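Read through the structure below, which is laid out as structure tokens, and then see the notes.
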Amino acid sequence: MPNLTLPDGTLKEFDQPVSFADVAKSIGPGLFKSAVAGKIEEKIFDLSYLINNDSNISIITRESEEGLEIIRHSTAHLMAHAVKELYPEAEVTIGPVIENGFYYDFAIENPFTDEDLEEIEKKMQEIAKQDLPISREVWLKKDAVEHFKNISENYKAEIIQDIPDDEDLSIYKQGDWLDLCRGPHVPSTNLLNAFKLTKVAGAYWRGDSSNKMLQRIYGTAWADKKSLNHYLEQLKQAKKRDHRRIGKDLDLFSIQGEAGGGLVFWHPNGSKIRQVIEDYWRTKHLEAEYELLYTPHIALDTLWQTSGHTDYYQESMYKPIEDENKLYRLKPMNCPFHVLIYKNQLRSYRDLPIRWAELGTVYRHEMTGALHGLMRVRGFTQDDAHIFCTEDQVETEITNILNLTIEILHAFTFDQYEIHLATKPEKFVGKDSIWTKATKALEQALSSKGLEYVIDEAGGAFYGPKIDIKIKDAIGRLWQCTTIQLDFNLPERFDMQYIGSDGHKHNPVMIHRTLLGSIERFFGILIEHFEGKFPLWLAPTQITILTISESQNNYAATIYEKLKNIGFRVKIDLRNETIGSKIRDHTLKKVPYFIIVGNQEVKHDQISVRTQKGDDLGTMEFDQFVTNLTTELTDKK
RNA sequence: GCCGGAAUAGCUCAGCUGGUAGAGCAACUGAUUCGUAAUCAGUAGGUCGCAAGUUCGAUUCUUGCUUCCGGCACCA
């Protein structure tokens with residue numbers, strides 16, 4: 001005779017065990033209709049689960065986060081069911097829920113095509129309409145293994161083998177198809193009506209590249225058609241921001257097969273933006289008392305042996321180049337070079353901290369399949385810096401780095417982050433005591449800045465703990481750019497030293513840090529973040545002057561000269577085209593401001609201003625315009 | 001690197017089962033001199049990614065290579 005307490009505190013009394021479905025029904029038909037599962041305390045159960053005892057319960061509806069997850073999970077099963085009906089020879093493996101959807105991996109001889117996906121989707125709709133009840137059964141492990149082996153579902157049998165003997169095995173049935181699953185699931189297939197299969201791709205069994213490759217089908221599923229369409233629309237919008245598309249449209253950069261994959265060509269427009277970014281970066285680093293370095297692009301292989309790179313990262317380093325019987329390597333990192341400069345003279349504790357920064361171009365042989373626009377390339381420039389300091393200086397230095405990071409990211413309108421602090425892994429170098437001290441210093445620096453962070457337990461590199469910062473872009477995606485890493489390894493490997501106040505030699509602590517990460521990748525992120533509509537201070541062309549007809553050419557030229565002399569990046573369009581056509585062209589080129597001059601403007605010695613967004617700011621004095629833009633530049637808006 | 005797909009004019013794309021290519025935009029020329037997202041007309045533009053094979057004949061079929069796309073694996 002369970003007494004059930006609902007989330008709002010209401011007490012419901014029943015004189016016999018009841019299912020969640022009945023409870024929902026007793027509360028209201030609307031709730032019953034949208035119910036997909038139930039919850040006792042924090043545990044989730046099927047709607048059909050019978051509640052025997054007094055408990056705190058709640059009903060999970062299809063719109064809730066948990067409800068959606070159940071719908072997605074059940075849709076994954078629905079897809080597997082459909083695949084088995086169409087391709088009985090396919091073997092099912094696993095089908096988890098992922099962000100916005102699900103996937104299911106199948107072992108099958110002939111890979112699925114896009115046409116197959118359509119067929120499968122149709123079959124899914126068919127099964128969903130049949131309104132098949134989804135029921136749960138508990139099986140013994142050995143029965144389950146035997147069953148799946150009998151029907152040649154070897155992967156499933158293997159999965160079951162790995163489940164501990166004492167655990168209950170639940171099997172879910174819909175129609176004559178069944179699958180091992182922890183559940184819960186929606187009570188019937190007709191609750192699944194807003195889904196779409198999105199793509200098919202290969203994926204390794206158990207995620208191991210030495211295993212067989214399976215066929216993975218991805219899909220998305222939602223509580224209703226409206227949410228599904230909303231999501232599909234979002235996907236389309238995200239696609240419109242693709243930096244490869246915009247990079248081509250705005251003539252920012254290219255990557256050319258003729259030169260090789262993953263090597264970036266910065267066109268004049270992209271180069272202009274990069275130059276502005278780098279100038280700003282340099283200014284800020286000089287202000288923060290860094291000194292700037294330049295180092296070579298290649299060095300003797302033996303240097304990379306000393307640094308340990310050839311041991312750990314050989315596969316992603318380019319092969320050695322031979323010259324005069326010596327082997328050289330393209331640099332995959334800048335740090336050993338900075339170390340060499342450090343070692344070039346005797347250092348005293350009075351010299352520390354030393355802060356050296358370099359926009360250093362490195363080359364890494366990424367695997368072909370990994371290359372992706374500007375996001376993953378083979379040659380890129382890191383905004384790298386190394387700080388050499390004493391153990392006691394670590395916290396202050398980290399605080400300084402965080403300050404600089406926040407200021408620089410803010411300039412690019414990135415003000416929301418997710419911060420990770422990665423601690424000592426199982427395999428590590430250096431003394432426990434210094435790890436503890438250093439990790440504490442990182443924590444201290446973060447908390448004193450009031451920054452929230454999550455601890456990534458044992459996620460540090462073998463050579464030291466680190467802070468990673470992920471920034472949130474305009475459509476909520478996270479990108480890891482900043483990383484601040486302590487290194488107890490290189491100072492020892494290279495036998496770096498300083499003379500302490502005690503007159504003895506000590507190893508300095510080395511901090512590696514990059515704020516933007518790779519300039520190429522950061523540029524890609526910026527393109528997507530701004531959708532190509534760069535703020536005034538970054539825009540390759542800031543102003544375009546458009547004439548109505550030929551008679552304003554001279555006036556336009558004077559305006560042009562004046563703006564250019566002030567330092568604006570300005571262009572002039574004297575083409576024999578209608579004003580509408582000119583506006584369209586430059587709007588599509590994402591120029592922030594247009595100055596339009598016709599006979600009216602010439603007559604009153606004024607200009608008419610329009611923005612890229614389409615706002616007509618009307619006519620104004622030239623000086624007014626310059627003042628407005630100068631403010632905008634200072635504010636970096 | 002692995003699985004699948006793709007590569008045609010500067011860009012976006014069409015070209016059925018083999019008979020050496022077509023549109024729109026851009027470019028160029030001319031007309032038009034125009035008031036806030038496309039003025040009109042004409043011209044030119046292609047080793048159909050590269051190499052080999054099958055064939056009387058290959059953009060089309062086969063193989064290899066290169067690059068790109070979607071995932072997987074990898075990412076100091």
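What's counted below: heavy atoms across the whole structure, side chains too, no hydrogens, waters or symmetry copies. These figures come from a predicted structure and were not determined experimentally. Naming: A, B, ... by sequence-line order, numbering from 1 per chain.
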OP1 or OP2 of B/rC75 under 4.0 Å from side-chain N/O of A/H365: no

message: Side chains of A/V377 and A/E366, heavy atoms from C-beta outward: is any pair under 4.5 Å?
response: no

task: May I ask you to evaluate whether A/S581 reaches the phosphate of B/rU39, defined as a side-chain N or O under 4.0 Å from OP1 or OP2?
output: yes

- request: Within residues 89-119 of chain A, find the residues that approach RNA chain B with a heavy atom at under 4.0 Å, and present them sorted by residue number.
  value: A/P111

query: More 5' along RNA chain B: A/T587 or A/I255, using each one's nearest nucleotide?
result: A/T587

message: So that I can compare with my own list, what are the stems of RNA chain B, taken as at least three consecutive Watson-Crick or G-U pairs with distances under 3.5 Å?
response: B:1-7 with B:66-72, B:10-13 with B:22-25, B:27-31 with B:39-43, B:49-53 with B:61-65

task: For A/R477, check salt bridge (Lys or Arg N to Asp or Glu O under 4.0 Å) against everything at least two apart and list the hits.
output: A/D473, A/E528

field: Smallest separation among heavy atoms of A/G460 and A/A422, with atom names
entry: N-CB, 3.5 Å

task: When you get a sec, tell me which of B/rA73, B/rC72, B/rA38 is the closest nucleotide to the side chain of A/A203?
output: B/rC72

- request: Output yes when A/K613 and A/D615 qualify as a salt bridge under the 4.0 Å nitrogen-oxygen rule, no when they do not.
  value: no

query: Between A/Y104 and A/F106, how do the two ring planes meet: parallel, tilted or perpendicular, split at 30° and 60°?
result: parallel

- prompt: Donor-acceptor pair under 3.5 Å: do we get one between A/Y204's side chain and the base of B/rG71?
  reply: no

query: How far does the C1' atom of B/rU47 sit from the matching atom of B/rA9, given to the nearest Å?
result: 13 Å

message: Go through it in stages, so that I can follow the logic: the residues are A/R206 and A/D208, the test is salt bridge (charged side-chain N to carboxylate O under 4.0 Å, His left out), and I'd like the CA-CA distance, side-chain angles, deciding distance and then a yes or no.
response: CA-CA 5 Å; A/R206 293 187 187 272; A/D208 185 337; over 6 Å; no

task: Determine: side-chain N/O of A/R244 to OP1/OP2 of B/rG70, distance under 4.0 Å, yes or no.
output: yes

- prompt: Using a cut-off of less than 4.0 Å, is there contact between a side-chain N or O of A/R216 and OP1 or OP2 of B/rC3?
  reply: no

statement: Contact check, residues 259-273 of chain A vs RNA chain B, heavy-atom distance under 4.0 Å, returns A/G261, A/G262

- line: Within residues 518-531 of chain A, those residues having any heavy atom closer than 4.0 Å to RNA chain B are none

Positions of residues 600-622 of chain A (non-hydrogen atom under 4.0 Å from RNA chain B), listed by number: A/Q600, A/E601, A/S608, A/R610, A/D616

